[in-house]
Amino acid sequence: MNLSFYPVDITYEVKDGKPIIKLFGRTTDGKQVCVLDDSFEPYFYVQGTVSEKKLESVQKDEFKVVRVEKCKKNVNEKEEDLFKVIVNIPKGVPVLKEIIVDMTGVKKVYEYDILFTRRYLLDKKIVPLTKTKVVGEKIAANCKVDCIKAKSIKKESDEIIEPRIVALDIETYNPDNSLNAKKNPIIILGLYGDNFSRVVTWKKFKTSNKYIEFVSSEADMLQRFAELITEYQPDIITGYFTDGFDFPYIVERAKINKVELDVGLDYSTIDIRGRTRKEASITGIAHVDIFKFIIRVIARSLKTDQYSLNAVANELLGATKHDVDIEHLFDVWDKGGKNIEQYCEYNLQDCKLTYDLTIKLLPNLIEFVRIIGLPIFDVNRMSFSTFVEWYLIKKAQEFNEIILSKPGHNEERERMHDRIQGAFVYEPKPGLYEKIVVFDYRSLYPSIIASLNISKGLVNCKCCKKASRINTDRGEFWFCTKQKGFFSEIISELITHRAKIKKELKQKQNPLLAAQVEALKVLANSFYGYLGFAPARWYCIECAESTTAWARHYIHKAIDSAKKEGFDVLYSDTDSVFVQLGKKSKKDALDWVKKINDDLPGLMELEFEGFYPAGLFVATKASESGAKKKYALLDEKKHITIKGFEAVRRNWSIIAKEVQQEVLRLVLNEKNTENAKKFVRETIEDLRANKIPVEKVVIRTELSKTVEGYSTVSPHVAAAKRMEKDGKKVSGGTIVSYVVTKGKGKIRDKVKLPHEVKQKDYDGEYYIDHQILPGVERIFDVLDVHIDELTKNTKQKTLEHF
DNA sequence: CATATCTGCTTACC
DNA sequence: ACTGGTAAGCAGATACG
């Protein structure tokens, strides 16, 4: 029979000494299937002078070499003769590799650490979630869905599945605030999908909510959960932090209640792997923990600095969680009755938000699946470096390159000491400027890697005398010009591919194309960081060092040229140049850029970023010199871009940020220094009189480790200690909120938690001197306003002074 | 003992 | 919680005269 299907999940089993790949997915007519392929063999590569016979005879326990083939492959971009050693079962690869690596004549072994299922997808060029053609026969097997034994299997088209998704969330009984799965049961479990809402709980109350379903015990609830999943037949189960919390909790409670959760399509249960970084998987269904994708990939493009479901849903969906007192759920549960209902509604809302977030981010996630070629489960849990690495691995096949091995423990440790010189930052002269034009190099690092052929195998070749050379702290480097580099060529393809899609996107808006453009940008921008990332297979410190050195070369070139042309250069950071037009026109600036671009190699380009009628640079706190990475720009639509100022930093109180932002607005937009002064004075008086509400004086700081890990007790650590006293758990990643109150001693001695203080308790003087004034002082300096003018004629200080 | 400088820490920018 | 370096600025710790 012939069929087309979209693979969702992949696994393998060994039967009669032979591995069988199992691809779970959905057919084009919407039925779930499992496609079996027993034709794929595990293998790895051997380099050296050793006889094939000898290699063929290697075996240990049930593992043995099946066959050896001679082949030619590029090892670090140079062609070599290698042996492809084919092995009977996947688990034999690492075992037999260990024996072979010690044989005389063997120089090196490669590609022994590529997971069998991933290798299958890459070699067969099958892309998960993408239409795949199968010829085969239906066979009987212990499986919830039809099983097809494949005769042939291959990618059919780029068409993508519209997956069936269900979101999961649980609420637990939690009297001691400890989230202890061994002790406390799950009391509410919710699911939300396409036209599907269900909340299961095991205490009855009167309700007209049709989606609430009552069972008689936690065990029955877990059983019901398994049934509902089986009935709904999702391709994807999604959740928010379900890897770390919900699934491990469910599995633990199932164990205690002796409930068999056979949700896997092959009747297997939920598998929890890892201790500190847990991952939950279900055979045949892709478990997406959308929190992981958000925190690792999406986070830096979000405004929020908190990644709670509420904060993220608020920003991405404009929706919020239901407001219930979740800490007292246990109390309400104990008392029973109608009050439990609001928690069921809350639970379903969380499921819905998670579902909607997944729907919203799925195009981006799927884009990475298409680029990398691995299952959505894997891609969901990857970070930037792994994206780059797996993209390189996929491309290695095309380029006939050997996949380099990961560094050993010691080598990785040594690499950690390697430091490279980074970007150049121009020191601005503090001041209020007019008519500013900003230019920046488009994708500077990627375009340098592509244009200068920067690639690990080409460093300082013996053959090229004419190659452009660059001086660095590590010495002089150049890259072979006689061949296209593996690394540079891949990034070059990415850039041109992205430019093409971006053009298409301009013609017709399309969320999938937008996701593709975004994914390619993220990927390209990660290539440079990857070069200097210690665990990387294609680690190349000379490449990284050269990339930044060339970047410094080209930014200086732009700065010098702008100056020569008669522009005042105000500022520059890494890839940007800020110039003041002065008597020159916008057209003069654009003409100048054209001239620069004529001289640039390959894909490099200096772009016009924007025109700003006004901009402000300030001095640093410590000296008279201009502060880098700290400025504000006003655009023609009166919108202000604030960079680096306290107003955009998380660990400043809201009042300090608001005042600074307003001062910047009054200065840049309205050019009204008097109003700015007045505004600050008024705030100062309000703080003295404790008229500002407590929420606005709360300071939030993230704990980077546990309290014991700190050598000094700073205010946020003191606050964390108070939280611990309250019975709250704090650890690395916890955001600590505190208020500085009136009193004696160090600031840490005056720190209290927000709920402990009344409005009259906070120390207005502290907030004036340490939060308000530091934020506006440098701004007023630029306007020649002395700080005394801000504080003096507020009543108290005046009296004190005289 | 007061002041200057250093260190640890957090969070920004690119 | 596994991309990189550059930079500002606070609070506490320590050195210095």
Side-chain angles (χ1 to χ4, degrees), chain A residues 243-244 274 276-278 291-292 295-297 299-300 305 381-389 406 412 415-416 418-428 440-441 443-445 522-536 538-539 541 543-545 547-549 551-552 555 571-576 618-623 625-631 641-652 656 699-705 709-718 731-733 735-736 740 745-751 766 769-771 774-775 777-778:
Chain A
D243 259 345
T276 42
R277 273 194 295 274
K278 290 182 187 140
F291 169 75
K292 278 200 175 152
I295 203 149
R296 292 189 182 159
V297 182
R300 66 200 49 208
D305 39 41
R381 288 156 183 79
M382 287 180 168
S383 53
F384 292 103
S385 61
T386 13
F387 281 152
V388 173
E389 185 138 295
K406 286 185 195 160
E412 194 181 320
R415 287 178 179 182
M416 297 274 218
D418 290 346
R419 284 273 104 107
I420 56 164
Q421 193 184 342
F424 167 73
V425 188
Y426 187 100
E427 188 193 308
D440 53 22
Y441 280 105
S443 310
L444 180 64
Y445 289 173
V522 162
L523 189 62
N525 285 340
S526 313
F527 267 62
Y528 155 71
Y530 176 86
L531 286 171
F533 178 46
W538 279 275
Y539 178 85
I541 201 71
C543 298
E545 188 87 83
T547 305
T548 54
R552 293 190 298 273
I555 201 67
Y571 181 60
S572 161
D573 184 351
T574 313
D575 57 359
S576 63
V618 296
T620 63
K621 182 109 217 194
S623 68
S625 56
K628 298 169 175 179
K629 298 185 186 286
K630 205 171 173 184
Y631 59 86
T641 304
I642 300 178
K643 296 287 179 186
F645 274 106
E646 288 78 358
V648 296
R649 300 181 78 88
R650 174 168 68 184
N651 54 351
W652 283 76
I699 298 168
R700 289 182 186 78
T701 308
E702 186 174 331
L703 227 51
S704 65
K705 48 196 169 192
Y710 285 87
S711 56
T712 56
V713 181
S714 42
H716 76 295
V717 177
S731 59
I735 293 178
V736 179
V740 177
K746 296 212 162 86
I747 296 164
R748 66 174 168 218
D749 303 321
K750 308 200 290 176
V751 160
Y766 168 83
D769 293 339
H770 293 81
Q771 293 272 320
E777 203 177 339
R778 306 292 130 185

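Just so it is clear, the structure is predicted and the values come from calculations on it, not from any experiment.
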Looking across every strand, which nucleic acid part, if any, lies under 4.0 Å from [X] by heavy atom: base, sugar-phosphate, or nothing?
{"X": "A:V388", "answer": "nothing"}
{"X": "A:Y539", "answer": "nothing"}
{"X": "A:F291", "answer": "nothing"}
{"X": "A:V717", "answer": "nothing"}
{"X": "A:S704", "answer": "sugar-phosphate"}

Within this structure, what is the [atom1]-to-[atom2] distance between [X] and [N], rounded to whole angstrom?
{"X": "A:K643", "N": "B:dA12", "atom1": "NZ", "atom2": "P", "value": "11 Å"}
{"X": "A:I699", "N": "B:dT11", "atom1": "CD1", "atom2": "P", "value": "12 Å"}
{"X": "A:D749", "N": "C:dA11", "atom1": "CG", "atom2": "C1'", "value": "12 Å"}
{"X": "A:Y631", "N": "B:dA12", "atom1": "OH", "atom2": "C1'", "value": "12 Å"}
{"X": "A:I735", "N": "B:dT11", "atom1": "CD1", "atom2": "C1'", "value": "11 Å"}
{"X": "A:D440", "N": "B:dC14", "atom1": "CG", "atom2": "P", "value": "9 Å"}
{"X": "A:R700", "N": "B:dA12", "atom1": "CZ", "atom2": "P", "value": "13 Å"}
{"X": "A:K705", "N": "C:dA1", "atom1": "NZ", "atom2": "C1'", "value": "16 Å"}

Check your understanding: Is A:Y426 near enough to B:dC13 that one of its side-chain N or O atoms lies under 4.0 angstrom from OP1 or OP2?
Key -> no
Check your understanding: Would you say A:H716 reaches B:dC9's phosphate, i.e. side-chain N/O to OP1/OP2 under 4.0 Å?
Key -> no
Review point. Is a side-chain donor or acceptor of A:Y571 paired with a backbone partner of A:K629 at a separation under 3.5 angstrom?
Key: yes
Check your understanding: Is a donor on one side and an acceptor on the other found under 3.5 Å between the side chain of A:R748 and the backbone of A:V713?
Key -> yes
Check your understanding: Can you tell me if NZ on A:K705 sees more than 12 non-hydrogen neighbours from other groups inside 6.0 Å?
Key -> yes
Check your understanding: How far does the P atom of B:dT11 sit from the matching atom of C:dA1, given to the nearest Å?
Key -> 12 Å
Review point. When every nucleotide of nucleotides 2-8 of chain C is labelled 5' to 3' by its protein contacts under 4.0 Å (heavy atoms), B for base, S for sugar-phosphate only, - for none, what sequence of letters results?
Key: BBSBBSB
Review point. With A:Y445, which of A:Y530, A:Y528, A:F527 fulfils ring pair (Phe, Tyr, Trp, His ring centres under 6.0 Å)?
Key: A:Y528
Practice item. Decide side-chain contact (heavy atoms from CB on, under 4.5 Å) for A:V522 and A:F384; before the verdict, give the C-alpha distance in whole Å, the side-chain angles of both, and the deciding distance to 0.1 Å. Key: CA-CA 8 Å; A:V522 162; A:F384 292 103; 2.8 Å; yes
Review point. Can a salt bridge be assigned to the pair A:D573 and A:K628 using a cut-off of 4.0 Å between side-chain N and carboxylate O?
Key: no
Point to revise | A:D243 bridged to A:R381 by N-O distance under 4.0 Å | key: yes
Study note, to complete from the structure: Assert: residue with more 5' nearest nucleotide on DNA chain C, out of A:S714 and A:R778, is A:R778
Point to revise | Derivation and outcome, side-chain contact (heavy atoms from CB on, under 4.5 Å), residues A:I699 and A:Q771 | key: CA-CA 10 Å; A:I699 298 168; A:Q771 293 272 320; 3.5 Å; yes
Which donor-acceptor pairs under 3.5 Å do the side chains of residues 420-427 of chain A make with protein atoms, sequence neighbours left out?
from, atom 1, to, atom 2, distance (Å)
A:Q421, OE1, A:R552, NH2, 3.4
A:Y426, OH, A:K563, NZ, 3.3
A:E427, OE2, A:G626, N, 3.1

Check your understanding: Pairs counted as Watson-Crick or G-U wobble with both distances under 3.5 Å: what dot-bracket string results for DNA chain C, using | for bases tied to another strand?
Key -> ...||||||||||||.|
Check your understanding: Do A:M382 and A:R296 have side-chain heavy atoms sitting under 4.5 Å apart?
Key -> no
